[in-house]
Amino acid sequence: MGEFTVGDEDFLLDGRPVRLLSGALHYFRVHEEQWGHRLAMLRAMGLNCVETYVPWNLHEPEPGRYADADALARFLDAAHAAGLWAIVRPGPYICAEWENGGLPHWLTGRLGRRVRTDDAEYLGHVERWFTRLLPQVVERQSGPDGGPVIMVQVENEYGSYGSDQGYLRHLVDLLRGCGVTVPLFTSDGPEDHMLTGGSVPGVLATVNFGSGARESFETLRRHRPTGPLMCMEFWCGWFDHWGTDHAVRNPADAAAALREILAAGASVNVYMAHGGTSFGGWAGANRAGDFHDGALEPTVTSYDYDAPIDEAGRPTEKFWLFRDVLALYQESPLPELPELPPAPPALGGPVRAELGEWAPLGDVLEALGDAEVDSPVPPTFEELGVDRGVVRYRVDVPGPRAAYPLTVSGLRDLAVLYVDGVRGELGDPVSGPAAVELWVESLGRVNYGPLTGESKGITGGVLHERQYLHGVRARALRLAVFDEEGAVAKVPFRSAEAGGGPGLYRGAAKTRAPGDARLELPGWGRGFVWVNGFCLGRYWSAGPQRSLFVPGPVLRAGANEVWVLELDGATGDVRLA
């Protein structure tokens, strides 16, 4: 591949104008063995480029300890093999409906509002991470050696958050200092204050929107009279929150909006071309209201996004309409556009999982939990070093005393209460003496707006009437512990006939041959599922999501081990279909 540059009006490849027809596909939301299929689907839709974020918190769970930190390199190689250019958005903040917007919990827990600013300690952590990450990008930049990476983003929608120009300039210098030579860009909403706060002089500015291309590009032109026009996020669908209706966008309406972008002479990145799944409990959350400071709205596990390529990699009506539009804007007429790749195999028929073993939640905590921490006040998840999972808080109501309401101030996000071993509800009257347990679950850290990075757990205190109860014992059960080889074998299971309540259920589903499937849990309440040690993510009877996507490569012929961590209590069948 030749040299990719930003011209006065167009993107240029070796000095020749080119149009970017890009699609968003997050490598961390697709099973690696299915990357090739999904990338081929992008090509078949008529795209010439793929865009991905990089979630910092996934790859650096603790300062200086990395987890699969070379995954981006493998994905970029797969994109190159598929004949696609690549746009990389490394953050450090990514939003993406991802836990904490991609920022590590240990970082926001320590630095609070100093993240995403020109703060020396924050920038030191960013520099360490970028020094580890960016060589993968640098080695794959476009140029004489023919790498796929053509552009790299500076931060992400910063104008929706802050106005620290020194911070953005530091990031530009850091990216360049790490060897990034391809064009840099910013992306923001098409509003004056967002473009003023989020763009950087000398760096390409792009805009994000779902409709109204003409007005959006006019706003961009007020800030940047020259340079290529690009919609870096064309929102062709939307995501879902637990307890709400499923979001959809009319395919014809979305295709008309795409046509308007391209008719303006602009480049585009379809967000999402293929959404995939927030495996592992990594889905984030939002806050309601115009200022994103209202009630918590946790995001579902599926990131299908009503995209043209659905969660299972299948073409939708939107795919075919987009393909017709994109066919009009190819560099040269392709031979009727590439054919669709063969569909991944699907599970042959429904299979019931036989969950014959169960361990109550307390026993699971004893076997797999962290050491208990004593504290005068309830420690937060961040103070306990917990990213995803549940924390059991124990505190005593002294006595003798009358029955008063038991409440929690600063609860984030959901608690199950037991008083002397009997389940109750917050606000119930409790008399002393009594032993109180509160099992608190994070439903996903906020990924957008001023409350990004807020703490989880009990951030205030446990109150009996107006009096704080001190002397708290806290013990965490992390989701990550289930990823450790042999961990679940330490759990003292008993017959599931004794179950029915919160706890860990274990069993197997026998399949004749592996293939993509949906896992259904009718009658279950809320929790997480693993198949052969792979965490499919959170399920919740609140809906709208009613099943979990199971990638075919996770399954195997014969017995497939299934674990269900139920945090509420209702149980029923578990089946693959």
_Is it true that E520 and Y539 share a donor-acceptor pair across their side chains at a distance under 3.5 Å?_
no

*So how far is it from E60 CD to L107 CG, rounded to the nearest 0.5 Å?*
9.0 Å

*Between the main-chain N or O of V390 and the side-chain N or O of E441, is there a donor-acceptor pair closer than 3.5 Å?*
no

*Would you give the length of the straight line joining atom CG of L443 to atom CG of D413, rounded to the nearest 0.5 angstrom?*
4.5 Å

_Once side-chain contact (heavy atoms from CB on, under 4.5 Å) is applied, do any residues pair with V491, and if so which ones, sequence neighbours excluded?_
A359, V364, A367, L368, F493, L504

*asked:* Quick one, E454 and T459 - any side-chain contact, counting heavy atoms below 4.5 Å?
replied: no

*asked:* Using modelled atom types and a 3.5 Å cut-off, is there a donor and acceptor pairing between side-chain atoms of H26 and backbone atoms of G275?
replied: no

*Can the ring centres of Y271 and Y305 be said to be less than 6.0 Å apart?*
yes

_To the closest 0.5 Å, what do you measure between OG1 (T316) and CD1 (I309)?_
8.0 Å

*asked:* Tell me the closest heavy-atom pair linking A86 and L76, and the distance in Å.
replied: CB-CD2, 3.7 Å

*Check the pair L555, L576 against side-chain contact (heavy atoms from CB on, under 4.5 Å), reporting the backbone distance first and the verdict last.*
CA-CA 11 Å; L555 295 170; L576 294 168; 4.2 Å; yes

*asked:* Please find the pair of heavy atoms, one from P514 and one from A557, that lie closest to each other, and give the distance.
replied: CD-N, 3.9 Å

_Can you confirm whether the side chains of H464 and R401 place a donor and an acceptor under 3.5 Å from each other?_
yes

*Euclidean distance, E297 CD relative to T244 OG1, rounded to 0.5 Å*: 7.5 Å

_Can you give me the closest heavy-atom contact between W439 and R392, atom names plus distance?_
CZ2-CD, 3.4 Å

*Does F28 have its ring centroid less than 6.0 Å away from the ring centroid of W282?*
no

_Check whether E311 reaches the backbone of T277 with its side chain - one donor and one acceptor, N or O, closer than 3.5 Å._
no

*Check whether any side-chain N or O of D240 sits under 3.5 Å from a backbone N or O of H246 as a donor-acceptor pair, and report yes or no.*
no

*May I ask you to decide whether R29 forms a salt bridge with E97, counting only side-chain N to carboxylate O separations under 4.0 Å?*
no

*asked:* With a 4.5 Å cut-off on side-chain heavy atoms, are L355 and V574 touching?
replied: yes

*Would you call L565 and W530 a side-chain contact if the rule is heavy atoms closer than 4.5 Å?*
yes

*Could you tell me whether the side chain of T511 and the main chain of R556 form a donor-acceptor pair under 3.5 Å?*
yes

*Would you indicate whether D245, at its atom CG, is surrounded by more than 12 heavy atoms from other residues, nucleotides or ligands within a distance under 6.0 Å?*
no

*Using the side-chain contact (heavy atoms from CB on, under 4.5 Å) rule, take W56 and L133 through it: C-alpha gap first, then chi angles, then the decisive distance, then the call.*
CA-CA 9 Å; W56 183 2; L133 172 71; over 6 Å; no

*Check: W35 side chain, V30 main-chain N or O, donor-acceptor pair, under 3.5 Å*: yes

*Check whether any side-chain heavy atom of L296 lies under 4.5 Å from a side-chain heavy atom of V446, and answer yes or no.*
yes

*Please work out which of the three classes, parallel, tilted or perpendicular, describes the rings of Y66 and W129, given edges at 30° and 60°.*
parallel

*Does atom CZ of R110 have more than 12 heavy-atom neighbours, drawn from other residues, nucleotides or ligands, at distances under 6.0 Å?*
no

*asked:* Check this for me: does any side-chain nitrogen of one of K318 and D310 sit under 4.0 Å from a carboxylate oxygen of the other?
replied: no

*Test item: side-chain donor near acceptor, Q545 and S302, under 3.5 Å*: no

*Are E233 and R89 ion-paired here, with the side-chain N under 4.0 Å from a carboxylate O?*
yes

_Does this structure show an ion pair linking R423 with D428, if we count only N-O contacts that are shorter than 4.0 Å?_
no

_Using only atom types and a distance under 3.5 Å, with no angle test, would you say the side chain of W524 pairs donor to acceptor with the backbone of D573?_
yes

*asked:* Under a 4.0 Å threshold between the charged nitrogen and the carboxylate oxygen, would R475 count as salt-bridged to E437?
replied: no

_Distance check, rounded to the nearest 0.5 Å: I458 atom CD1 versus E383 atom CD?_
11.5 Å

*Do F75 and L25 come close enough that some side-chain heavy atom pair is under 4.5 Å?*
yes

*Where do L39 and A82 come nearest, in terms of heavy atoms and distance?*
CB-CB, 3.9 Å

_Y303 side-chain N/O to H274 backbone N/O, donor-acceptor pair under 3.5 Å_ = no

*Kindly check if the number of other-residue, nucleotide or ligand heavy atoms within 6.0 Å of CZ (R74) is above 12?*
yes

_Applying the side chain to side chain contact (heavy atoms under 4.5 Å, CB included) criterion to L567, which one of L477, L361, V416 satisfies it?_
L361

*Any donor-acceptor N/O pair, N57 side chain to N100 backbone, under 3.5 Å*: no

*Taking the six-membered ring for Trp and the single ring otherwise, decide whether the centroids of H125 and W106 are under 6.0 Å apart.*
yes

_SB check D70 R132 (cutoff 4.0 Å)_ = yes

*Can you spot which of R43, M45, H37 makes a side chain to side chain contact (heavy atoms under 4.5 Å, CB included) with M41?*
H37

*Does any non-hydrogen side-chain atom of H105 lie less than 4.5 Å from one of K456?*
no

*Under the side-chain contact (heavy atoms from CB on, under 4.5 Å) criterion, do V54 and Y27 qualify, and how do the steps go?*
CA-CA 8 Å; V54 181; Y27 67 92; 3.5 Å; yes

*V397 side chain reached by Y404 side chain, heavy atoms, under 4.5 Å*: no

*Yes or no on side-chain contact (heavy atoms from CB on, under 4.5 Å) for R38 and V50, after CA distance, side-chain angles and deciding distance?*
CA-CA 10 Å; R38 304 303 194 263; V50 62; over 6 Å; no

_Residue pair F534 / P553, side-chain heavy-atom distance below 4.5 Å_ = no

*Would you call the rings of H292 and Y448 parallel, tilted or perpendicular, where under 30° means parallel and over 60° means perpendicular?*
perpendicular

*Any donor-acceptor pair under 3.5 Å linking the side chain of N447 with the backbone of E99?*
no

*What heavy-atom pair brings A69 and Q136 nearest, and what distance separates the two atoms?*
O-NE2, 2.6 Å

*Which heavy-atom pair separates P379 from Y393 by the least distance, and what is that distance?*
O-OH, 2.7 Å

*Say you draw a straight line from CG of L469 to CG of L463; how long is it, rounded to the nearest 0.5 Å?*
7.0 Å

